[in-house]
Structure formats: C-alpha cells, structure tokens
There are 2 protein chains.
Amino acid sequence: MTPFERPPIGMNLGRTAKLVAQAFDAALVEAGGTLPVWLTLLSVKSSKLANQRELAGMIGIQGATLTHHLNAMEAQGLLTRRRDPVNRRVHLVELTAAGEALFETLRQAALVFDKRLRTGLPDERLAEFAKVLAALRENVES
Amino acid sequence: MTPFERPPIGMNLGRTAKLVAQAFDAALVEAGGTLPVWLTLLSVKSSKLANQRELAGMIGIQGATLTHHLNAMEAQGLLTRRRDPVNRRVHLVELTAAGEALFETLRQAALVFDKRLRTGLPDERLAEFAKVLAALRENVES
DNA sequence: CGCTTATAATTAGATATCTAACTGTTCGAT
DNA sequence: ATCGAACAGTTAGATATCTAATTATAAGCG
C-alpha cells in the first residue's frame, strides 16, 4: 500500500480515527443516539445559551451542517430554538427534558467507550499521544 | 466542552484527523485530485490486478462506495474495468496512462504533505504515536 | 437618518459515505 | 447435473458533510 520510504502518518491517523469513530457511533446507537447527536447535545450543554455559530465551532462542523442536525433534533423534541431578543439574528438553543435525558444516557455510553479506548494505555502515554495530536494540528494550520 | 474527568481521547483523535484530512484534501485538490481519488489510485497501484473487494478493504471503505468512485474515475479516463476471464464475477481495475500520470503528481503532493506533517516530530515520537494508534484500533476491534 | 457592509442562520445543491436489496456468477453437495 | 448457498459487484436510498447563495437583522459611517 505504500510506495513511500516511510508509512505516511496521515493515512494511519485517518484510518484509525475512522475505525474509532465507527465503533463509538455504534455504541451511541445502541444507547439510542448517534455521534452527531451526541456532539450536538454536548456542545449545547457545555455552553449555556451559545448561538449556532459557536456550537458548530465547538463541534468542528459548518453552520449549515449544524442547522441540519438541529432541525432533526428539534423535530424529535430534543431541543428548542428561539430568537435572542437582544440580537434577533441569533438563535438560542436549549435542551428539552427529553434532550437532557438523552444527554445523560449518551454521556454514560461515552464514558464506557472512553474507558474501553484507554485499555492498556497509561496516562503518560496518552499525554504524549495528545501532544503529538496537537503538534499535527499545528503543522497543518500554517 | 467536557463534563468528564479527563478529556476524552476519541474526540481529540477525531477532531485532529478531520483537520489533517481536510488539509490533505486541499493539497490534493491543488494538485488536481481529491483524497478519495488519491486513495483509489494508490490502492490500484499498490496491488497489481486486485479486485474491488480487496481495493475497498485497502482503502477502508465499503464496496458500494468504491463503485461510486470507480464510476467517476472511469468516466474521467483515469482507469478501466474489465471482467476477469478466470472468474467473471470479479472486475479487474487498471490505470490508464492518464491515471498513472495523476498518480505520480498526487504522490509528489502526498510526499510534500507528509513532510509538512512530520515537522518538529522526531522518528521516535512518531513511532510511539503509531503504537498508540495501533493500540486504539485493538481496543476498538473487540 | 439612509445606505453599505457585516453577521447569523437557512436553503440549495454537491460529494462521500453507509446499509440493504438486487443481479449475475461460481461452487458444492447430494 | 441441478439446485441452493456463497460471492463480486451494482443499484437504491439514507445520512453527514461541505460550499455558495439567500434572507433577515444589526452596525457603522457620511
């Protein structure tokens, strides 16, 4: 697969991330959600009364993509959108009781999954790993 | 963003991989390709006369997705498909001259990108990084 | 003020991916 | 030798994502 001197690190990274994301999504589906739903709930929970632009930035998707998820989740009764009276351009997103409940369920699933992912990996190795991830982001931002 | 004791490693991994993949795709677009086109060319080149099932496995996508890319690339004149006379179920994929040329161009772009990605990261750190990636795949496969 | 520019969100349309169902081909077991 | 299971690929339809264009609102400036 590699007509290169060294195995390209981006390919390894991308492949692993895909497998991990698929496994995580499967775990969330089992718990009654999906990965994008979880990320949306998490971003709304983590920032009281953020607007959609900020939420999308937190998740790492575009505003248009978030609109799409919010439409579905609003239709499912997981959250509400209302205009900010102070600035009528922005929509304030809030979880309903059902949204809060799903958040809690998925949070448990996420904790279990995170534990599974860390199996056999001591904190210091994971810390070094996170540093390399940060360096890769740096190298790519320029 | 994290109502967790520790920052979940999957999220960090996913976010970084996405940024890296987007930057890589941008570099490939600049060189006249895209990420899936590059991966397809690479898989065809790396395995003389593989069938589509094997190619898809190499890339890490489903057969149906590969069919989609092959249709487009065949229409663009980058490759050809013909039935294997030995087993008429399988389609053998081969690059045209244009496909070979694009492969070479994108390979150069990939080399440049890989070098950019490695900036400031000595081989030993990258080796440890790759080991953790492998461990994560292990932890998720179970 | 009134006009231009900037901002927040949505809409429209494209691409990449998946799963499930279908088509065609081969193989194996009776 | 035939028929059913397995296999390779395609097709159909869904989801997630992106960019570009549009709508509505706000802010700045002359």
Side-chain angles (χ1 to χ4, degrees), chain A residues 14-15 17-26 28-30 33-41 43-44 47 49-76 79-94, chain B residues 14-15 17-26 28-29 33-41 43-44 47 49-76 79-93:
Chain A
R15 192 61 166 280
K18 183 173 183 174
L19 289 171
V20 168
Q22 284 173 341
F24 186 33
D25 186 65
L28 291 171
V29 165
E30 192 134 344
T34 65
L35 184 44
V37 163
W38 161 243
L39 291 174
T40 304
L41 291 172
S43 69
V44 172
S47 71
L49 289 187
N51 64 39
Q52 296 186 199
R53 196 162 208 64
E54 292 166 344
L55 296 177
M58 240 180 285
I59 301 176
I61 58 179
Q62 295 306 119
T65 305
L66 182 62
T67 292
H68 183 250
H69 294 307
L70 292 179
N71 286 343
M73 292 171 71
E74 191 171 28
Q76 285 179 263
L79 49 82
T80 59
R81 279 183 280 192
R82 56 175 233 273
R83 298 198 103 104
D84 183 344
V86 173
N87 179 348
R88 292 184 40 75
R89 282 173 302 187
V90 343
H91 283 186
L92 300 175
V93 179
E94 284 170 301
Chain B
R15 191 64 167 279
K18 183 174 183 175
L19 290 171
V20 169
Q22 284 173 340
F24 186 33
D25 186 65
L28 291 172
V29 165
T34 65
L35 184 44
V37 163
W38 161 242
L39 291 174
T40 304
L41 291 173
S43 69
V44 173
S47 71
L49 289 186
N51 65 37
Q52 296 185 200
R53 195 160 208 66
E54 291 166 343
L55 296 177
M58 239 179 285
I59 301 176
I61 58 179
Q62 294 307 119
T65 304
L66 182 62
T67 293
H68 183 250
H69 294 306
L70 292 179
N71 286 344
M73 291 171 72
E74 192 171 28
Q76 286 179 264
L79 49 82
T80 60
R81 277 182 282 191
R82 55 175 233 273
R83 297 198 104 104
D84 184 345
V86 173
N87 179 346
R88 290 184 40 75
R89 281 174 302 188
V90 342
H91 284 185
L92 300 176
V93 180

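Both backbone and side-chain heavy atoms feed into the values below; hydrogens, waters and symmetry mates do not. Protein chains get the first letters and strands the later ones, always in sequence-line order, with residue 1 at the start of each.
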Let's go through Ile61(B) and Lys18(A) carefully: what are the C-alpha distance in whole Å and the side-chain angles of both, what is the deciding distance for side chain to side chain contact (heavy atoms under 4.5 Å, CB included) to 0.1 Å, and is it a yes or a no? CA-CA 10 Å; Ile61(B) 58 179; Lys18(A) 183 173 183 174; 3.6 Å; yes
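Asp25(A) has its CG atom 14 Å from the C1' atom of dT17(D), to the nearest Å. Between the CG atom of Leu66(B) and the C1' atom of dT11(D) there is a distance of 15 Å, rounded to whole Å. Nucleotide dT7(C) holds its P atom 12 Å from the CG atom of Asn87(A), rounded to whole Å. Following rounding to the nearest Å, Met73(A) (CE) and dT15(D) (C1') show an atom-to-atom distance of 15 Å. Rounded to an integer number of Å, the gap from CG of Asn51(A) to P of dT10(C) is 11 Å. If you take CG of Leu55(B) and P of dA8(D), they are 13 Å apart, rounded to a whole angstrom. Distance Arg83(A) CZ to dT23(D) P: 15 Å, rounded to the nearest Å. Gln62(A) has its CD atom 15 Å from the C1' atom of dT15(C), to the nearest Å.
If you take CZ on Arg83(B) and NE2 on His91(B), they are separated by 3.5 Å, rounding to the nearest 0.5 Å.
In this structure, the nucleotide among dA16(C), dA20(C), dT7(C) sitting nearest to the side chain of Arg89(A) is dT7(C). Set against dT17(C), dT19(D), dA16(D), the side chain of His68(A) has dA16(D) as its closest nucleotide. For Thr67(A), whose side chain is taken as the heavy atoms from C-beta onward, the closest listed nucleotide among dA9(C), dT7(C), dC18(D) is dA9(C). Minimum atom distance to the side chain of His91(B) is reached by dT10(D), of the listed dT11(D), dA16(D), dT10(D). When distances are taken from the side chain of Pro36(B) to each of dT17(C), dG9(D), dA20(D), the shortest belongs to dT17(C).
Counting heavy atoms of neighbouring residues, nucleotides and ligands inside a 6.0 Å radius, atom CZ of Arg53(A) does not exceed 12 of them.
Here Glu54(B) lies out of heavy-atom contact (under 4.0 Å) with every strand. Note on Gln52(A): only backbone sugar-phosphate atoms sit closer than 4.0 angstrom, heavy atoms only; bases stay farther off.
Listed pair Arg88(B) / dT25(C) meets the phosphate criterion, a side-chain N or O lying under 4.0 Å from OP1 or OP2. Phosphate proximity of dC18(C) to Thr65(B): present, with a side-chain N or O under 4.0 Å from OP1 or OP2. One finds a side-chain N or O of Arg53(B) lying less than 4.0 angstrom from the OP1 or OP2 phosphate oxygen of dA8(D). Distances shorter than 4.0 Å separate none of the side-chain N or O atoms of Gln22(A) from OP1 or OP2 on dT17(C). The side chain of Lys18(B) places an N or O atom within less than 4.0 Å of a non-bridging phosphate oxygen (OP1 or OP2) of dC18(D).
The backbone N or O of Leu92(A) sits nowhere less than 3.5 Å from a side-chain atom of Asp84(A) that would complete a donor-acceptor pair. A donor-acceptor pair is defined here as one N or O able to donate and one able to accept, closer than 3.5 Å; such a pair exists between the side chain of Glu54(B) and the backbone of Asn51(B).
In terms of heavy atoms, Arg81(B) sits closest to Gln52(B) at CD-OE1, 3.2 Å.
Nucleotides of DNA chain C nearest to Ala50(A) and Ile61(B) differ in position, and the one nearer the 5' end is that of Ala50(A). Between Val90(B) and Val86(A), the residue whose closest nucleotide on DNA chain D is further toward the 5' end is Val90(B).
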